[in-house]
Each structure stands twice: as C-alpha cells, then as structure tokens.
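Quick note: residue numbers are just sequence positions, from 1.
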Amino acid sequence: MSHWRELPAELHPDVRHLIVRLRRLKDRSELSKRRLAAKTGYSAKSWQRYLNGRSLPPREAVESMARVGGDNPHRLLVLHEIAAQRWSEGRALTTPAPAPAPATDDGPVPPEHAPTEHQPQGRHLRVAVTAAAVVTALSVTAALLLAVRLTEARAQLADERAGVAATAVATVSESMVPVIYTCELEQRDGRWYAGLSRTTDILLSNTQMGLEVAEAQCLLQRAGSEPGDIDGVFGPKTRRAVERMQKRGGLIVNGVIDPPTWQALREGASQ
C-alpha cells in the first residue's frame with residue numbers, strides 16, 4: 001500500500017478531494033510513476049507534483065488517470081472542473097483591507113480628508129484597476145501553464161525514446177524530438193503486432209501520446225489508412241486515418257481507437 005505525503009494544509013477541500021481520488025486510482029493501478037508516465041503521456045515528475053498537491057493536473061491528465069485506474073472519466077472530470085475553479089480562486093490577487101485607525105482617549109482619530117462627492121468615482125477607478133490586475137495575472141498564469149505543458153511533452157518524448165531503445169529502432173531529429181518509431185510487423189495466431197504494444201482495449205483519442213498510439217499508427221498504415229509519421233502522437237492525421245478505417249470496416253465512425261477498432265486492426269487481412 002502506498003504511503004502518501006500529507007497534502008498542503010492550505011488546499012481547498014474540493015482540490016483535496018480530487019487529489020485523494022487520483023491517489024486511489026494510482027494505488028489501484030499498481031503502476032510505478034515511470035509506468036504511469038508511459039501510460040498517460042505525462043512525466044513521472046509531473047505526476048509527483050500533481051499527487052502531492054503542488055500543481056493542479058490538467059484535464060487530459062485526469063482523464064488518462066481515470067482510464068488507467070478503471071474509473072468513470074466523466075465523474076472525475078466534474079471533480080476536476082470544480083477543483084480548477086477553487087485552485088484559480090485561491091491564487092487570484094487580492095487587495096488587503098486597510099488597518100483600522102488607532103483609538104485615542106478623545107475617541108477615534110478622524111480621517112485626514114473629509115469625504116467629498118468625488119469618492120464614488122475613486123472607488124470605481126480602484127475596482128477597475130484591481131480587475132485589470134486580476135485579468136493580467138490570470139493571462140500570465142495561463143501562458144506559463146501552456147509553456148510547462150509543452151516542456152513536459154518534450155521531456156516525455158525524450159524519456160520514451162530512451163525506454164524503447166531496446167525493443168524498437170527510433171530515428172530522432174537533431175533536437176531529439178519528435179521520436180519516429182519503426183514498425184516491426186509480425187502476425188501471431190491470426191493477429192498483427194508492430195512490436196510496440198500488445199494492448200487490445202486501451203482507448204486512444206486526440207492529444208494522447210505513447211507507445212500504444214505508435215502501435216496503432218503502425219497497424220493503420222498496414223491496413224492502408226495512412227496516419228502520417230509514426231511518432232506516437234494522436235493528432236489530426238491519425239484521427240482521420242482511424243475514421244477512414246472505421247468507415248471501410250463498417251464500424252462506428254468516431255475517430256477513437258476503442259476495443260472494436262483494436263480488434264479490426266489486429267485481425268485485419270494482409271494488404
């Protein structure tokens with residue numbers, strides 16, 4: 001059983017509830033952080049921050065954890081939406097209230113300036129300035145989160161390249177990303193495999209990354225539905241290739257690689 005670090009005391013109960021649910025799913029999966037990273041497309045260091053309450057996981061990470069832990073993703077995403085709102089409120093800039101004026105033997109000290117008819121206009125100006133500061137802070141936060149997400153994606157691709165070196169030959173650009181996987185197709189017991197994953201039931205859809213996506217791209221290419229580069233990234237080309245294959249095979253055309261689509265890819269006739 002995992003021994004988790006105590007969550008920060010300042011976390012809102014809604015955020016704490018989401019993180020506790022994610023920890024339970026992690027324990028249920030019995031995966032190490034490295035294996036969890038390979039399954040979800042988010043690095044082990046990112047999951048350490050998410051599960052210790054130091055960073056709010058993005059929506060896609062929560063959905064991936066639900067898939068790995070066998071939980072209902074819709075229910076977990078509702079919890080994430082509430083937690084994201086609380087997380088944002090907890091980091092909004094606020095203006096501290098002024099300290100009360102000290103009292104004297106003769107009574108409270110009167111204000112330096114008597115109120116005038118211009119005070120309402122001044123309050124409106126302060127409210128506008130405060131609102132502008134909050135909007136600016138949220139915009140900067142969103143830009144930083146996007147930059148962190150891109151950095152994590154690059155780091156994850158580099159980690160996958162190192163982990164697959166023993167089983168698959170990869171051709172890498174000068175900057176080490178993106179990874180291009182080699183399809184080593186073989187047929188065993190009437191099923192096709194590309195040497196990257198043996199899964200038959202993992203759901204794959206837009207924005208997901210990993211060896212399972214690369215395996216599906218190899219099988220789509222073998223089936224005559226070109227997905228583009230075999231890079232392990234489920235992008236628009238891969239989705240269109242899935243839809244073409246589903247339409248040709250009489251499956252539900254949803255652009256998602258589900259168990260029926262895996263079966264069609266694994267058991268497809270030779271091209």
Side-chain angles (χ1 to χ4, degrees), residues 25 29 36-42 57-81 84 146 149-150 153 156-157 160 164 168 170 177-271:
L25 292 176
S29 70
L36 182 62
K39 289 282 186 181
T40 61
Y42 291 82
R59 178 186 177 91
E60 292 81 2
V62 173
E63 188 173 6
S64 297
M65 177 65 87
R67 186 181 68 252
V68 169
D71 198 3
N72 185 339
H74 300 291
R75 182 169 52 192
L76 203 60
L77 289 176
V78 170
L79 294 178
H80 176 267
E81 184 175 352
L146 179 59
R149 179 69 183 89
L150 292 174
Q156 175 60 25
L157 287 173
E160 289 177 357
V164 176
V177 287
V179 176
I180 303 299
Y181 297 94
T182 297
C183 302
E184 298 182 356
L185 292 168
E186 62 175 345
Q187 192 175 27
R188 294 183 181 177
D189 300 327
R191 289 173 173 261
W192 285 97
Y193 298 93
L196 298 171
S197 173
R198 302 184 66 83
T199 185
T200 59
D201 56 5
I202 289 181
L203 292 177
L204 299 177
S205 58
N206 276 340
T207 73
Q208 290 186 247
M209 299 180 296
L211 297 177
E212 289 82 4
V213 177
E215 175 81 5
Q217 289 173 329
C218 289
L219 297 179
L220 285 167
Q221 189 179 68
R222 190 207 67 81
S225 188
E226 182 59 49
D229 292 337
I230 311 299
D231 54 6
V233 179
F234 200 119
K237 289 184 179 180
T238 300
R239 180 182 178 87
R240 289 193 292 270
V242 172
E243 291 173 345
R244 288 194 300 270
M245 190 278 293
Q246 290 173 332
K247 183 176 181 180
R248 190 169 60 231
L251 302 173
I252 296 176
V253 180
N254 54 15
V256 175
I257 301 181
D258 48 20
T261 305
W262 275 116
Q263 182 177 1
L265 289 171
R266 295 291 189 197
E267 299 178 358
S270 301
Q271 299 298 309

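Within the 4.5 Å cutoff, no side-chain heavy atoms of Pro73 are placed close to those of Arg67. Proximity of Tyr42 to Pro58: side-chain heavy atoms (C-beta onward) are separated by under 4.5 Å at one or more points. Annotation: side chain of Leu219 is in contact with side chain of Trp262 (closest heavy-atom distance under 4.5 Å). Taking the side chain as every heavy atom from C-beta outward, Val68 and Leu36 approach each other to under 4.5 Å. With a 4.5 Å cut-off on side-chain heavy atoms, Cys183 and Ile230 count as touching. By the 4.5 Å heavy-atom criterion applied to side chains, Leu220 and Glu226 are not counted as neighbours. Using a 4.5 Å heavy-atom cutoff, the side chains of Leu204 and Val256 are not in contact. No side-chain heavy atom of Ser205 sits under 4.5 Å from any side-chain heavy atom of Ile257.
In Leu77, the CG atom is crowded: over 12 heavy atoms of neighbouring residues, nucleotides or ligands sit closer than 6.0 Å.
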Open item on the list: If you apply the rule side chain to side chain contact (heavy atoms under 4.5 Å, CB included), what do you find for Glu63 with Leu76, and how did you get there?
Closed with: CA-CA 7 Å; Glu63 188 173 6; Leu76 203 60; over 6 Å; no
Open item on the list: Could you go through Asp231 and Gln217, starting from their C-alpha distance and side-chain angles, then the distance that decides it, and tell me whether this counts as side-chain hydrogen bond (donor to acceptor under 3.5 Å, both in side chains)?
Closed with: CA-CA 8 Å; Asp231 54 6; Gln217 289 173 329; 3.2 Å; yes
- [ ] Evaluate the side chain to side chain contact (heavy atoms under 4.5 Å, CB included) criterion for residues Tyr181 and Leu196: first the C-alpha distance (whole Å), next the side-chain angles of each, then the deciding distance (0.1 Å), finally the verdict.
- [x] CA-CA 9 Å; Tyr181 297 94; Leu196 298 171; 4.0 Å; yes
Open item on the list: Assess the residue pair Arg222 and Trp192 against the criterion (side chain to side chain contact (heavy atoms under 4.5 Å, CB included)); give the C-alpha distance rounded to whole Å, side-chain angles, the decisive distance to 0.1 Å, and a yes or no.
Closed with: CA-CA 9 Å; Arg222 190 207 67 81; Trp192 285 97; 3.6 Å; yes
TODO: Give the C-alpha distance, both sets of side-chain angles, the deciding distance and a yes or no for side chain to side chain contact (heavy atoms under 4.5 Å, CB included) between Gln208 and Val233.
DONE: CA-CA 6 Å; Gln208 290 186 247; Val233 179; over 6 Å; no
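Summarising the geometry, atom OG belonging to Ser29 is positioned 12.0 Å from atom CG belonging to Asp71; distances are rounded to the nearest 0.5 Å. For the atom pair Ser64 OG and Leu25 CG, the distance stands at 12.0 Å (nearest 0.5 Å). The OH atom of Tyr193 lies 4.5 Å from the CZ atom of Arg198; values are rounded to the nearest 0.5 Å.
When atom types are taken as modelled, the side chain of Arg266 and the backbone of Thr199 share a donor-acceptor pair closer than 3.5 angstrom. Judged purely by atom type and a 3.5 angstrom limit, His80 uses its side chain to pair as donor or acceptor with the backbone of Pro57. For Arg244 (side chain) and Ser225 (main-chain N/O), no donor-acceptor pair under 3.5 Å exists by modelled atom type. A distance-only check finds a donor-acceptor pair linking the side chain of Gln246 to the backbone of Asn254 [under 3.5 Å]. Under a 3.5 Å cut-off, the side chain of Glu215 and the backbone N or O of Ala194 do form a donor-acceptor pair.
Applying the side chain to side chain donor-acceptor pair (under 3.5 Å) criterion to Glu81, with sequence neighbours excluded, gives no partner residue.
With salt bridges taken as basic N to acidic carboxylate O contacts below 4.0 Å, one links Arg239 and Glu243.
Taking every heavy atom of both residues into account, Lys39 and Ile202 meet most closely at NZ-CD1, 3.8 Å.
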